[in-house]
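Have a look at the structure below, then the notes.
Since the structure is predicted, the reported quantities are computational estimates derived from the model, not experimental observations.
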Amino acid sequence: TRSLLGVFEEDAAAISNYINQLFQAMHRVYDAQNELSAATHLTSKLLKEYEKQHFPLGGDDEVMTSTLQQFSKVIDELSSCHAVLSTQLADAMMFPITQFKERDLKEILTLKEVFQIASNDHDAAITRYSRLSKRRENEKIKAEVTEDVYTSRKKQHQTMMHYFCALNTLQYKKKIAMLEPLLGYMQAQISFFKMGSENLTEQLEEFLTNIGTSVQNVRREMECEIENMQQTIEDLEVASDPLYLPDPDTTKFPVHRNLTRKAGYLNARNKTGLVSSIWERQFYFTQGGNLMSQARGDVAGGLVMDIDNCSVMAVDCEDRRYCFQITSFDGKKSSILQAESKKDYEEWICTINNISKQIYLSENPEEIAARVNQSALEAVTPSPSFQQRHESMRPIVQSRPTAARTSSTGSLGSESATLSALPLDSFVAPDTPIQFDIISPVSEDLPGQAKSSGQAGRRTNPFGESGGSKSETEDSILHQLFIVRFLGSMVVKSDESPDIVYESMRILAARAIHNIFRMTESHLLVTCDCLKLIDPQTQVTRLRFPLPNVVLYATHQENKRLFGFVLKTSGGRVDNRQTSVCYIFESNNEGEKICDSVGLAKQIAFHAELDRKASEKAKEIERVKEKQQKELSKQKQIEKDLEEQSRLIAASSRSNPSGGEGQFVVLSSSQSEDSDLGEDGKKKRESET
């Protein structure tokens, strides 16, 4: 019996394993059907919401909207069919196999455990019954053991019968549990297909046929458009091949100087510190009288500056080519930009110059720009010298009022400013040369150049190490730095009136006449000791101007960016007379600030000098007091010694009435003291005695 029971139990375990696998497979079918139903419903919902979408390039396509609405209705009906199929699968397929798995198979396992327990209890009762002794029989123990055997044997027999019955019934339930789910699955699918055949009418078939034809037409149009675009790409590649070079040949691609609109990529220099900067590439374009920039990824551009009445000039910036600077009309804002090629570089400068003259406001801006540029080209003719230029303009100057003064601009393409009415010879010598460049430190020892204190170059240590010597500006309480551009310097006759600075600012006109547009940018350091021009890249002191030698400084009355000062220097090697040199600079609208800073530095230096003199006077008074105190202390010491000697003499007189020997001793002591005091001490001792 137990051998046969083992066969039945092995069969039940195989049935349980197989039913579990079949249940998982059918559950996947059921889950897939539910997912298909949900996905179909979501698709129908999205097709209905197409008309509510806002596509930037879509436009109003009513045909597409109506077509998708029709598809949405059909798919919605299919979604309903899928939902019905899911419900039928849950009832007809999943319910029977779930019941068999959860109820019948678990019942077999429970009965097996109960039968095993009953069998173990019966074996234990038989073992206790077999151990009963035959000699000393105890009727009570024997009755208990007999009752246990009876109860355990009955329980085992009943459990075994139920267990065997369940194992026999399992063979029939296995067939039912496998066939019922399959039958329900097939019936649900047949019902689904019947509903689908009822929904697919002839009208729907005609609609699908028309949509298929439309799709084929769209595909053919797309292929034709692709062919046209490929041909256009090939033509553009052939035509644009020379433009791939970063700096194309200007002979093949001439510069357009009459533009009033320009767009393209430029590198902008942004300062990150006192002398450090970075370059950023952005897209720049002009819009009316504004210069705009747009970073990559931005939807629209932002304003860089207003370029109406601005100034633009070519500049030397680090080791980069094609750089130019734009300064606003009020001088408060400036930008340094770098073009990619020489053609773009010249076109940007000409375009901004045309916009600064507000030519873009006219009806035909390019024609007017062409006429203005042609007139400027004919008007600006280089003269042999600055003096000849003034000689040619002198009759015109004398016919104007004496108080008229105009400011000059240093922008590229701008016309020369009108000279003021005051005669130039009253301030500047007729043959005075103009120095346009800063004298570098390496050229100080050249013949013919005087080593004055105002033009002595000095190299500063960029690492801040003094090398054992203290910096001359280290103790200065004033350190102000300004960015300036050196325009030039010239020797003047007088240093008594600010008009000298105003007249010297005509150096700008001379630069325009000689087509000198590039200016050296430096850092002007104002301290209580001196003014320094420092190279921002190499930290080399290009020029040093002692503050006491700066006798006059002023900014232009109209153009506040122009600043100048007069420096008194020692004369040449022939005559030792002092000469006055006027230096002119251009700043970023900081001329008045520089004048205020220089004035403050001179005031601080003046007060420092007064404090120094007062300190020296106080020290002298202190020394006199100390000397008097020493003399007074010395006099008191002498008086004390005399009193001591007087007491000694009196004591010796009382002890020796004759007094010869005592007097001799005292006199000898006094004589020895006189010999030690010297000639002056003897005289003072005699007078005190």
Set of side chain to side chain donor-acceptor pair (under 3.5 Å) partners for [X], sequence neighbours left out:
X: Arg131; result: none
X: Thr169; result: none
X: Asn364; result: none

- [ ] Please determine if Lys333 and Asp306 form a salt bridge, counting it only when a charged side-chain N lies under 4.0 Å from a carboxylate O.
- [x] no
Task: Electrostatic pair Arg103:Glu107 at N-O distance under 4.0 angstrom - done: no
Open item on the list: Aromatic contact between Phe23 and Tyr30, with the criterion being ring centroids under 6.0 Å apart: yes or no?
Closed with: no
TODO: State whether the side chain of Asn168 and the backbone N or O of Phe164 hold a donor-acceptor pair below 3.5 Å, judged by distance alone.
DONE: yes
Atom of [X], atom of [Y] and distance for their closest heavy-atom approach:
X: Ile355; Y: Gly288; result: CG2-O, 3.6 Å
X: Met305; Y: Ser328; result: SD-N, 4.2 Å
X: Ala177; Y: Phe100; result: CB-CG, 3.1 Å

- [ ] Check Asp121, Asp148, Asp123 against Arg128 for a salt bridge (charged side-chain N to carboxylate O under 4.0 Å, His left out) and give me the one that passes.
- [x] Asp148
[atom1] of [X] to [atom2] of [Y]: how many Å apart, nearest 0.5 Å?
X: Thr65; Y: Leu47; atom1: OG1; atom2: CG; result: 11.0 Å
X: Trp279; Y: Ile336; atom1: CH2; atom2: CD1; result: 6.5 Å
X: Phe115; Y: Asn120; atom1: CZ; atom2: CG; result: 9.5 Å
X: His162; Y: Met160; atom1: NE2; atom2: CE; result: 12.0 Å
X: Asp316; Y: Gln325; atom1: CG; atom2: CD; result: 11.5 Å

Open item on the list: Ignoring hydrogens and geometry beyond distance, is a side-chain donor-acceptor pair present between Ser86 and Asn34 at under 3.5 Å?
Closed with: yes
TODO: Could you tell me whether the side chains of Gln116 and Tyr163 share a donor-acceptor contact shorter than 3.5 Å?
DONE: no
